[in-house]
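Just follow the structure's listing: the first ligand is 1, and inside any ligand the first atom is 1.
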Amino acid sequence: MFITFEGVDGAGKSLQARRVSEALETQGCEVVLTREPGGTKGAEELRELVLNGNTDRWSPMSELLIFTAARRDHCERVIWPALKRGAIVICDRFVDSTRLYQGLASPEMRGIVDIIHKAAIKTEADLTLIFDLDPAKAFERMNERDETDMRFEGHGLEFQYTRRKGFHDLQKTNPDRYILVNADQPINNVTQEALLAINKQLDT
Ligand code: Z5A
């Protein structure tokens, strides 16, 4: 089963990905926890390239191609082999982030993201948990920690509201695959809500 965690910056995806993975391992599942951009040596190198530097360092199209190259390597070396042997893969961001970051750069880009994804990757998650939080609250949480990859944070709060709406719209297109998780709760409650959605899917 391929599960992706999505949401605006600072919604709690990475923390919940670790907690949910640990809980599923305790249930006896083999879990591969990974992230994007990254997950392999080459993709982590591309991550450095794309997340650092000035906001205008790459155009949306260049970014899309770098993220896709990183994703292809990640799928070939980690995600596809793990899914083939029956593991649960939990990936902290995947193509829906490309849809909601590079894809929102212009109406034309949104379609191009899907075309490139279909040509180079094809794989979609079986289940996508969208960690839903007011971007202003997420921003407060992020301010409390040390940040090194600042390029995307430079996009500002307004973009985060547009992305949050984009995630809501995506959820409506396929409510069986996309589940909204209320990220505005104590950490344990968020983990329980996420686990409930995953176990429901595992049982079907
Ligand atoms: N990107 C893209 O443009 N296109 C793509 O295709 C892909 C990605 C795949 C990756 O950065 C960037 O790449 C990202 C999109 C872009 N843009 N940014 N920025 P990243 O991996 O470094 O960052 P991120 O994915 O946005 O994750 P994040 O900023 O680390 O946020 P998070 O994982 O959602 O949150 P967290 O680190 O788990 O939690 C944030 C803080 O809140 C932390 O101190 C927690 O302890 C705290 N927290 C978490 N949950 C709670 C609750 N429930 N209550 C209180 N405090 C909490």
For ligand 1, is there an N or O atom under 3.5 Å from any N or O atom of [X]?
{"X": "Ser14", "answer": "yes"}
{"X": "Lys13", "answer": "yes"}
{"X": "Leu15", "answer": "yes"}

Who's closest to [atom] heavy-atom-wise, of [options]?
{"atom": "atom 53 (N) of ligand 1", "options": "Glu63, Gln185, Arg19", "answer": "Gln185"}
{"atom": "atom 7 (C) of ligand 1", "options": "Phe67, Phe5, Phe94", "answer": "Phe67"}
{"atom": "atom 17 (N) of ligand 1", "options": "Asp9, Val95, Leu133, Leu51", "answer": "Asp9"}
{"atom": "atom 20 (P) of ligand 1", "options": "Arg35, Arg47, Arg93, Glu6", "answer": "Arg47"}

Indicate yes or no: at least one non-hydrogen side-chain atom of [X] is less than 4.5 angstrom from one of [Y].
{"X": "Glu44", "Y": "Glu48", "value": "no"}
{"X": "Asp96", "Y": "Thr128", "value": "yes"}
{"X": "Met61", "Y": "Gln102", "value": "no"}
{"X": "Phe139", "Y": "Leu157", "value": "yes"}
{"X": "Arg141", "Y": "Leu15", "value": "no"}

_Looking at Arg77, I want to see if its CZ is surrounded by more than 12 non-hydrogen atoms of other residues, nucleotides or ligands under 6.0 Å._
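Counting neighbours around CZ of Arg77, 12 or fewer heavy atoms of other residues, nucleotides or ligands fall under 6.0 Å, so no.
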Under 4.0 Å from any heavy atom of [X], which atoms of ligand 1 are there?
{"X": "Gln102", "answer": "2 (C), 3 (O), 4 (N), 5 (C), 6 (O)"}
{"X": "Glu36", "answer": "9 (C)"}
{"X": "Arg71", "answer": "6 (O), 9 (C)"}
{"X": "Met142", "answer": "29 (O)"}
{"X": "Gly10", "answer": "28 (P), 29 (O), 31 (O), 32 (P), 34 (O), 35 (O), 40 (C)"}

*Location of contacts on Asp184 toward ligand 1, heavy atoms closer than 4.0 Å*: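 Answer for Asp184: neither.
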*Contact partition for Gln16 relative to ligand 1, non-hydrogen atoms under 4.0 Å*: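 It is neither part, as no heavy atom is under 4.0 Å.
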*asked:* My understanding is that only one of Arg93, Arg71, Arg47, Lys13 makes a salt bridge (Lys or Arg N to Asp or Glu O under 4.0 Å) with Glu36; could you say which?
replied: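 Result: among Arg93, Arg71, Arg47, Lys13, Arg71 is the only option passing the salt bridge (Lys or Arg N to Asp or Glu O under 4.0 Å) with Glu36.
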*Name all residues meeting the side-chain hydrogen bond (donor to acceptor under 3.5 Å, both in side chains) criterion together with Asp176; count only those two or more places apart in sequence or in a different chain, and write none if there are none.*
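For Asp176 there are no side-chain hydrogen bond (donor to acceptor under 3.5 Å, both in side chains) partners, ignoring immediate neighbours.
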*Linking Ile, Leu, Val, Met, Phe, Trp and Tyr by side-chain heavy atoms under 4.5 Å, what else ends up with Ile179?*
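The other cluster members (ILVMFWY side chains, heavy atoms under 4.5 Å, direct or chained) are Met1, Ile3, Phe5, Val20, Leu24, Val31, Leu33, Ile88, Ile90, Leu127, Leu129, Phe131, Val181, Val190, Leu195, Ile198, Leu202.
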*Is ligand 1 less than 4.0 angstrom away from at least one heavy atom of Ala11?*
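True for this residue.
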*asked:* Looking only at the aromatic ring of each residue, does the gap between the centers of Phe94 and Phe2 stay below 6.0 angstrom?
replied: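 Yes; Phe94 has its ring centre under 6.0 Å from that of Phe2.
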